[in-house]
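FYI, side chains are in, hydrogens and waters are out, and symmetry mates aren't considered; it's all heavy atoms of this structure. In what follows, chains are A, B, ... by sequence order, proteins preceding strands, each numbered from 1.
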2 protein chains.
Amino acid sequence: MRKISESTVRRLCGYLRLLEEFQRAGKTTVSSDELALRGHTTPAQVRKDLSFFGSFGKRGLGYDVCDLTERLRDIMGLDKNYRVALIGAGKIGSALVQYRGFSDRGFDIVSVYDNDETKVGTSWGDVAVRHVSALESDLAVAPIQIAIIATPASEAQATLDRLVQLGIKAVLNFAPTQLDHPADVTVQNVNMAVELETLSYALRSCG
Amino acid sequence: MRKISESTVRRLCGYLRLLEEFQRAGKTTVSSDELALRGHTTPAQVRKDLSFFGSFGKRGLGYDVCDLTERLRDIMGLDKNYRVALIGAGKIGSALVQYRGFSDRGFDIVSVYDNDETKVGTSWGDVAVRHVSALESDLAVAPIQIAIIATPASEAQATLDRLVQLGIKAVLNFAPTQLDHPADVTVQNVNMAVELETLSYALRSCG
DNA sequence: TACTGTGAAGAACTTCACAGCA
DNA sequence: TGCTGTGAAGTTCTTCACAGTA
């Protein structure tokens with residue numbers, strides 16, 4: 001299949017969220033205009049995004065809400081559950097483990113790792129914190145598909161290298177640093193300092 | 001000045017981070033090649049990004065690390081401190097308040113608001129949680145420049161509307177929903193579900 | 001010589017506009 | 001008629017390639 005841009009994929013996530021909302025509201029049909037308005041984009045963009053994957057609508061009518069939801073979930077690979085490991089039992093890690101939004105969408109944080117002996121053995125919800133040295137042996141027994149790096153920046157690259165070695169292909173990185181990785185590994189960065197600095201840039205003219 | 005794209009602004013943040021690293025390492029001069037390599041971009045991109053704002057380098061030599069750092073901080077508006085209010089004293093909020101990366105870069109979380117009476121009055125570090133109804137009167141006395149929305153999705157839009165009413169022009173939104181806002185207000189979204197779903201999409205071919 | 005700064009070329013993304021179908 | 005699906009046009013972003021200079 002043709003390469004889909006990241007912006008398209010992100011918009012698809014948005015459509016999915018809106019569709020679920022429409023579904024809860026009992027709406028059965030939706031037009032590209034409605035999706036565009038609520039999703040901060042244009043009707044043409046919505047139709048183009050969807051058209052990369054097929055023709056899901058009915059001309060003159062719009063899209064069936066349930067059908068399109070189903071198809072989008074399928075396209076995004078959200079029909080399955082993912083086992084997620086969290087590396088770094090700090091403040092961000094703690095917030096992530098407790099966040100309902102993950103498990104609700106099929107992302108289960110099944111293990112937490114840290115190198116701080118005082119944290120190892122403590123329980124976070126129903127997940128025990130394990131020493132990061134157990135990573136290799138644990139994953140050999142119970143594989144995961146996604147890893148979240150929430151370590152200090154100084155340890156992030158070494159952590160990623162180990163994850164790559166273990167065959168992990170998808171990583172969410174909260175450490176505020178650019179990580180090197182093979183092309184077949186996807187690394188998504190969440191960097192809150194960058195977001196705030198972008199706001200700072202936007203404010204520079206406001207005094 | 002010509003409109004600068006968001007991708008350029010985000011790359012500038014990256015260059016700044018690298019420059020600070022180079023500075024700590026005692027490097028005095030840096031080339032676009034070096035910045036590109038470490039910042040996952042191309043030398044031409046680095047030069048183009050910088051050229052929007054002026055000619056900071058010396059041909060044949062490269063850029064002076066200190067000078068370029070200074071200029072980038074200036075361009076990004078990072079020469080001043082920002083007063084930040086956090087609305088929503090939940091898990092994410094708690095992680096954010098404790099996160100050193102913010103205050104280190106001049107973003108000071110000076111107040112926390114929630115509508116849960118059991119949280120109001122408790123202390124988070126050196127910041128007391130206040131009832132969200134005090135928002136208007138508090139900001140009249142001690143203005144802020146940036147607000148962080150960390151409320152449930154259901155309350156995010158109403159919260160943003162109040163912030164806009166109060167004249168806030170920059171908002172960081174952690175609620176997993178698209179918010180409507182006037183064009184002169186900048187809203188940056190951090191949506192961890194979208195990041196994970198992007199990873200899910202990337203994994204769809206891996207089985 | 002080594003590297004910047006930049007117009008021009010190229011690629012990617014978005015919007016337009018309309019044919020085609022329910 | 002109303003709304004989708006899509007080639008074509010338009011716009012924005014990235015890369016190229018080279019003139020210019022310390």
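Residue A:Ser32 has its side chain nearest to D:dT4 when only D:dA17, C:dC3, D:dT4 are considered. In this structure, of D:dG20, C:dT15, D:dC13, it is C:dT15 that holds the atom nearest to the side chain of A:Thr42. For A:Ser51, the listed nucleotide lying nearest its side chain is D:dG5; candidates were D:dG5, D:dT4, C:dG5.
Distances shown here put a side-chain N or O of B:Arg11 below 4.0 Å from the OP1 or OP2 atom of D:dT14. Within the structure, every side-chain polar atom (N or O) of A:Ser5 is placed at least 4.0 Å from both OP1 and OP2 of C:dA12. Under 4.0 angstrom from either OP1 or OP2 of C:dT4 there lies at least one side-chain N or O belonging to B:Arg47.
Sequence order on DNA chain D of the closest nucleotides to A:Leu61 and A:Ala44 puts A:Leu61 first from the 5' end.
Salt bridge status for A:Lys27 with A:Glu34: present, with a side-chain N to carboxylate O gap under 4.0 Å. Under the 4.0 Å criterion applied to side-chain N and carboxylate O atoms, B:Arg17 and B:Glu21 are not assigned as salt-bridge partners.
With A:Tyr201 as the aromatic partner, A:Arg204 meets the cation-pi criteria of under 6.0 angstrom to the ring centre and within 45 degrees of the ring axis.
Rounded to an integer number of Å, the gap from B:Ile4 CD1 to D:dT14 C1' is 14 Å. Nucleotide C:dG5 holds its P atom 4 Å from the OH atom of B:Tyr63, rounded to whole Å.
At a threshold of 4.0 angstrom between heavy atoms, the contacts of A:Thr41 with the nucleic acid are absent. B:Thr8 comes within 4.0 angstrom of nothing in the nucleic acid, heavy atoms only.
For the pair B:Val164 and B:Val171, the minimum side-chain heavy-atom distance is 4.5 Å or more.
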